[in-house]
Student: 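The structure that follows is given in the form of structure tokens.
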Amino acid sequence: MVGMQSVAAALDRLGELAASPTVARLAAAFDSSGHELALVGGPVRDAFLGRATNDLDFTTDASPDEILAIVKPIAEAHWDIGRAFGTIGAKVEGETVEITTYRADAYDGDSRKPEVVFGSSLEDDLTRRDFTVNSLALRLPKLELVDPSGGVEDLVAGVLRTPAAPEQSFGDDPLRMLRAARFASQLGFEVDGATRTAMGDLTPAIERISAERVRDELSKLLLTDAPRRGIRLLVESGLADRVLPELPALRLERDEHHRHKDVYEHSLTVLEQAIDYEKSRGELDSPDLVVRLAALLHDIGKPATRRYEPGGTVSFHHHDVVGAKLARKRLRALRFDNDTIAAVSRIIELHLRFFGYTDGAWSDSAVRRYVRDAGAQLERLHIVSRADVTTRNRRKADQLGFAYDDLEERIAVLAEEEELAAVRPDLDGQQIMAILGVQPGPLVGEAYKYLLEVRLDEGPIGADAATTRLREWWAQRGA
């Protein structure tokens with residue numbers, strides 16, 4: 001949120017932005033053509049919040065054809081992939097911009113997409129937007145701030161509110177309910193009472209929205225710096241029951257003896273800690289969606305596997321395997337790509353493996369298998385496994401942390417000694433066929449797998465020793 005003293009500073013920042021080569025050139029071009037142009041939405045909002053401006057979005061009374069005619073002479077490149085929705089993209093003075101005709105979209109209450117209707121005024125365009133803090137515009141070139149819905153006041157108060165009645169706004173586009181959760185996390189704002197109530201009342205409407213749009217909005221939420229607030233809003237409003245039901249299912253009823261931790265709260269904490277590790281370790285491009293999905297979903301197999309054992313303990317046997325299957329099913333339903341699905345489910349499947357390391361020293365063979373099984377997800381597995389330690393027992397937490405430090409050190413030493421990251425047998429397929437005198441087929445695969453097991457158990461043994469072992473294996477088969 002912003003203080004009143006910051007409003008003047010925000011107006012100064014908007015003036016500086018309007019004077020930039022890109023904005024000034026566009027403003028002059030539209031003005032000389034007799035059309036209106038306004039900087040709108042995120043860039044204006046972020047000027048008040050003191051945040052960096054990453055995208056330049058404009059709106060105008062010009063039609064898409066007229067926008068093209070105006071920007072062509074001044075743009076290094078232009079594209080009209082969003083033309084059906086009134087949006088033209090261009091690169092002007094080295095910056096990418098999007099310019100959209102005033103909109104007055106209409107929804108029939110059943111369709112997953114709006115009927116695109118172009119509007120005639122900036123004020124009407126702003127009042128059809130999702131939230132008042134995004135319904136701000138700077139009219140160019142006169143530098144007039146346009147705020148028909150009290151967006152500046154809501155920025156000062158740190159409140160998310162819809163310009164129209166929330167029932168109408170969410171009824172028009174139910175995806176805005178997910179956007180409320182995302183902006184709550186992204187901006188650190190509270191959703192006002194009427195808006196929150198409408199989210200709870202209208203949760204069934206989210207099923208009108210395509211899986212792809214839901215996926216994209218959930219991903220944007222997870223990629224914020226602090227997604228916990230937005231995730232809580234999804235769960236508390238009931239929206240998560242519709243779009244990610246495995247998450248509210250983690251709120252297991254705790255028995256009177258508190259024999260297991262709150263799995264839902266634990267998962268949110270793991271997500272937060274994974275984000276911290278993701279940033280501090282610096283091995284991945286941050287934010288990393290795979291890490292965040294795996295951290296949030298790593299325990300979704302627990303509700304289905306909870307058992308009360310003799311002696312008053314609670315077990316969740318094989319929740320890692322069950323969770324991996326559930327994650328694959330949910331991510332497919334949300335239309336995530338195959339690489340993301342495979343990576344997330346693999347990390348969930350392996351996230352408990354490390355905890356066996358503290359029970360006794362692993363052999364070099366066990367370390368190699370850990371690396372082999374993690375494959376390209378090793379760094380992400382490191383992050384999620386470390387983040388999974390949420391105990392308040394400092395001694396236990398330190399013990400687990402030191403154990404993982406030791407495991408990573410051993411991985412590094414073995415990797416340096418034997419190129420562990422690309423573990424392969426000492427003989428390749430061509431050599432195996434030549435030694436055994438066989439043609440390509442299943443036997444070659446079996447031999448390769450045998451030599452790979454030898455490699456994992458014993459490390460590199462060299463081509464000569466591998467040849468001897470291969471012949472012995474072949475003889476034992478009676479070949």
Student: The test is side-chain contact (heavy atoms from CB on, under 4.5 Å); show your working for Glu98 and Phe58 and say whether it passes.
Tutor: CA-CA 6 Å; Glu98 286 192 346; Phe58 299 87; over 6 Å; no
Student: Start with the C-alpha gap between Lys325 and Glu349, add the side-chain angles, then the distance that decides, and say whether salt bridge (charged side-chain N to carboxylate O under 4.0 Å, His left out) holds.
Tutor: CA-CA 9 Å; Lys325 292 179 179 178; Glu349 185 179 358; over 6 Å; no
Student: Can Arg369 and Asp364 be counted as an ion pair, charged N to O under 4.0 angstrom?
Tutor: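 No, this pair does not count.
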Student: Looking just at side-chain N and O atoms, do Ser315 and Glu309 make a donor-acceptor pair shorter than 3.5 Å?
Tutor: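 On atom types as modelled, these side chains qualify, holding a pair under 3.5 Å.
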Student: Working to the nearest 0.5 Å, report the span between CZ of Phe402 and CD of Gln399.
Tutor: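 Interatomic distance, Phe402 CZ to Gln399 CD, rounded to 0.5 Å: 10.0 Å.
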Student: Give a yes or no on whether the backbone of Gly200 and the side-chain of Ser237 come within a donor-acceptor separation of less than 3.5 Å.
Tutor: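 A pair under 3.5 Å: no.
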Student: If you count the non-hydrogen atoms of other residues, nucleotides and ligands that lie under 6.0 Å from CG in Asn393, is the total more than 12?
Tutor: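 Count over threshold, so yes.
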Student: Quick one: CG on Leu331 to CG on Leu218, what's the gap to the nearest 0.5 Å?
Tutor: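 One finds 10.0 Å between CG of Leu331 and CG of Leu218.
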Student: Listing request: all ring pair (Phe, Tyr, Trp, His ring centres under 6.0 Å) pairs with a residue in residues 211-234, at least two apart in sequence or in separate chains.
Tutor: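 Sorted result for residues 211-234: empty, none.
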Student: Run the salt-bridge test on Arg368 and Glu458 with the 4.0 Å N-O cut-off and return the result as yes or no.
Tutor: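 Glu458 and Arg368: not salt-bridged.
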Student: Quick check against the 3.5 Å criterion: does Ser345 have a side-chain atom that pairs as donor or acceptor with the backbone of Ala324?
Tutor: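 Answer holds: no.
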Student: Give the minimum heavy-atom separation between Val243 and Arg330, together with the two atoms involved.
Tutor: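 In terms of heavy atoms, the two residues are closest at O-CD, 4.0 Å.
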Student: Kindly write out the residues that satisfy side chain to side chain donor-acceptor pair (under 3.5 Å) with Asp464, not counting sequence neighbours, or none if the list is empty.
Tutor: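 Expected list: none.
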Student: For His351, which residues count as a ring pair (Phe, Tyr, Trp, His ring centres under 6.0 Å) partner, sequence neighbours excluded?
Tutor: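 His351 satisfies ring pair (Phe, Tyr, Trp, His ring centres under 6.0 Å) with His298, His319 only.
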Student: With a 4.5 Å cut-off on side-chain heavy atoms, are Ile206 and Leu178 touching?
Tutor: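 In short, these two side chains touch, coming nearer than 4.5 Å.
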Student: Run the side chain to side chain donor-acceptor pair (under 3.5 Å) test against Ser385 and tell me which residues pass, sequence neighbours left out.
Tutor: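 With neighbours one apart ignored, the set is empty.
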Student: Checking Ser219 side chain against Arg215 main chain: does a donor-acceptor pair fall under 3.5 Å?
Tutor: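 Checking the backbone N and O of Arg215 against the side chain of Ser219, a donor-acceptor pair under 3.5 Å is found.
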Student: Taking the side chain as everything from C-beta on, heavy atoms only, tell me whether Tyr277 gets closer than 4.5 Å to Val291.
Tutor: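 Counting from C-beta outward, Tyr277 and Val291 never come under 4.5 Å.
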Student: I'd like to know if the side chain of Arg208 and the backbone of Gly171 have a donor-acceptor N/O pair within less than 3.5 Å.
Tutor: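 Yes; at least one donor-acceptor contact below 3.5 Å.
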Student: Should the pair Asp225-Lys279 be classified as a salt bridge under the 4.0 Å nitrogen-to-oxygen rule?
Tutor: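 Here Asp225 pairs with Lys279 in a salt bridge, since their nearest N and O are under 4.0 Å apart.
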Student: Can you tell whether the side chains of Asp299 and Lys302 come within less than 4.0 Å, N to carboxylate O?
Tutor: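 Result for this pair is yes, salt bridge flagged.
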Student: Quick check: do Asp241 and Thr203 have side-chain heavy atoms less than 4.5 Å from each other?
Tutor: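 A side-chain contact under 4.5 Å is absent here.
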Student: Looking at Val263, is its backbone amide N or carbonyl O close enough to the side chain of Ser267 to form a donor-acceptor pair, meaning the two atoms are under 3.5 Å apart?
Tutor: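 Judged by distance alone, yes, a pair lies under 3.5 Å.
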Student: Hey, does the side chain of Thr132 reach the backbone of Gly151 with a donor-acceptor pair shorter than 3.5 angstrom?
Tutor: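 Flag not set: sc Thr132 to bb Gly151 has no pair under 3.5 Å.
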Student: At their closest point, which heavy atom of Met177 faces which heavy atom of Leu202, and how far apart are they?
Tutor: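 Here Met177 and Leu202 meet closest at CE-O, 3.4 Å.
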Student: At their closest point, which heavy atom of Leu234 faces which heavy atom of Ala181, and how far apart are they?
Tutor: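 Here Leu234 and Ala181 meet closest at CD2-CB, 3.6 Å.
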Student: To the nearest 0.5 Å, tell me how far Leu427 CG sits from Met433 CE.
Tutor: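 CE of Met433 is found 12.0 Å from CG of Leu427.
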Student: Kindly state each residue pair satisfying side-chain hydrogen bond (donor to acceptor under 3.5 Å, both in side chains) with at least one member in residues 430-450, sequence neighbours excluded.
Tutor: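 side-chain hydrogen bond (donor to acceptor under 3.5 Å, both in side chains) check on residues 430-450 returns Glu446-Arg477.
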Student: Which value, rounded to the nearest 0.5 Å, describes the distance between Ile300 atom CD1 and Leu326 atom CG?
Tutor: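 Answer rounded to 0.5 Å: 5.0 Å.
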Student: Output yes when Arg251 and Glu265 qualify as a salt bridge under the 4.0 Å nitrogen-oxygen rule, no when they do not.
Tutor: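 Salt bridge: no.
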Student: Using modelled atom types only, decide if a donor and an acceptor are shared between the side chain of Arg335 and the backbone of Ala333 within a distance under 3.5 Å.
Tutor: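 Pair found, side chain donor or acceptor close to backbone of Ala333.
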Student: So does Arg386 pair up with Asp405, basic N to acidic O under 4.0 Å?
Tutor: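 Asp405 and Arg386: salt-bridged.
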Student: Counting N and O atoms only, with roles assigned by atom type, does the side chain of Arg410 sit under 3.5 Å from a partner on the main chain of Trp362, one being a donor and the other an acceptor?
Tutor: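 Present.
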Student: Got Leu136 and Val152 here, is their nearest side-chain heavy-atom distance under 4.5 Å?
Tutor: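 Side-chain contact under 4.5 Å: yes.
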Student: State, with a plain yes or no, whether a side-chain heavy atom of Pro227 is found less than 4.5 Å away from one of Leu271.
Tutor: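 They are in side-chain contact.
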Student: Please report the shortest heavy-atom distance between Ala294 and Ile347, naming the atom on each side.
Tutor: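 Closest pair (atom of Ala294, atom of Ile347, distance): CB-CG2, 3.8 Å.
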Student: Is any side-chain heavy atom of Leu56 closer than 4.5 Å to one of Glu95?
Tutor: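 Counting from C-beta outward, Glu95 and Leu56 do come under 4.5 Å.
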Student: Do you know which two heavy atoms are closest between Arg292 and Thr224, and how far apart they sit?
Tutor: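 Heavy atoms of Arg292 and Thr224 come nearest at NH1-O, 2.7 Å.
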Student: Salt bridge or not between Arg161 and Asp192? Use side-chain N to carboxylate O under 4.0 Å.
Tutor: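 Here Arg161 does not pair with Asp192 in a salt bridge, since their nearest N and O are not under 4.0 Å apart.
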Student: How far apart are the C-alpha atoms of Phe354 and Tyr404, what are their side-chain angles, what is the distance that settles it, and do they pass the ring pair (Phe, Tyr, Trp, His ring centres under 6.0 Å) test?
Tutor: CA-CA 8 Å; Phe354 155 71; Tyr404 212 100; 4.4 Å; yes
Student: Could you tell me if Thr390 and His266 have a donor-acceptor pair between their side chains, going purely by distance under 3.5 Å?
Tutor: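 A donor-acceptor contact under 3.5 Å links the two side chains.
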Student: So do the side chains of Val438 and Trp474 get within less than 4.5 Å of each other, counting heavy atoms only?
Tutor: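 The answer is yes, as the side chains (C-beta and beyond) meet within the 4.5 Å cut-off.
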Student: Begin with the C-alpha distance, continue with both residues' side-chain angles, and end with the deciding distance and a verdict on side-chain contact (heavy atoms from CB on, under 4.5 Å) for Arg179 and Asp173.
Tutor: CA-CA 10 Å; Arg179 288 171 65 84; Asp173 187 357; 5.8 Å; no
Student: Could you check if a side-chain atom of Glu283 sits within less than 4.5 angstrom of a side-chain atom of His382, using non-hydrogen atoms only?
Tutor: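 The answer is no; the side chains never approach within 4.5 Å.
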Student: Is the shortest distance from a Lys or Arg side-chain nitrogen in Glu278 or Arg380 to a carboxylate oxygen in the other one below 4.0 Å?
Tutor: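 Salt bridge between Glu278 and Arg380, a charged N being under 4.0 Å from a carboxylate O: no.
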Student: Salt bridge check: are Arg176 and Asp130 linked by an N-O gap of less than 4.0 Å?
Tutor: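 Looking at Arg176 and Asp130, the cut-off is not met.
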Student: Does Glu217 have any side chain to side chain donor-acceptor pair (under 3.5 Å) partners at least two apart in sequence or in another chain, and if so, which?
Tutor: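 Side chain to side chain donor-acceptor pair (under 3.5 Å) list for Glu217, sorted by chain: Arg182.
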Student: For Leu334, is there any backbone N or O sitting under 3.5 Å from a side-chain donor or acceptor partner on Glu212?
Tutor: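 Not confirmed, Glu212 side chain does not pair with Leu334 backbone.
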Student: Establish, from distance only, whether the side-chain atoms of Arg129 and Asn134 form a donor-acceptor pair under 3.5 Å.
Tutor: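 Their side chains do not contain a donor-acceptor pair, so the 3.5 Å distance test is not met.
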Student: Could you go through the side-chain contact (heavy atoms from CB on, under 4.5 Å) check for Leu451 and Ile432 one step at a time?
Tutor: CA-CA 10 Å; Leu451 290 176; Ile432 290 171; 3.9 Å; yes
Student: Between Leu407 and Tyr370, does a side-chain contact (heavy atoms from CB on, under 4.5 Å) hold up when you go through it step by step?
Tutor: CA-CA 10 Å; Leu407 174 58; Tyr370 188 75; 3.8 Å; yes
Student: For Arg13 versus Ala47, what's the shortest heavy-atom pair and its separation?
Tutor: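 Scanning both residues completely, I find the closest heavy atoms to be NH2-O, 2.5 Å.
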Student: Checking Ser169 against Thr162: is there a side-chain donor and acceptor pair closer than 3.5 Å?
Tutor: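 Their side chains do not contain a donor-acceptor pair, so the 3.5 Å distance test is not met.
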Student: Quick check against the 3.5 Å criterion: does Gln377 have a side-chain atom that pairs as donor or acceptor with the backbone of Val344?
Tutor: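 Judged by distance alone, no pair lies under 3.5 Å.
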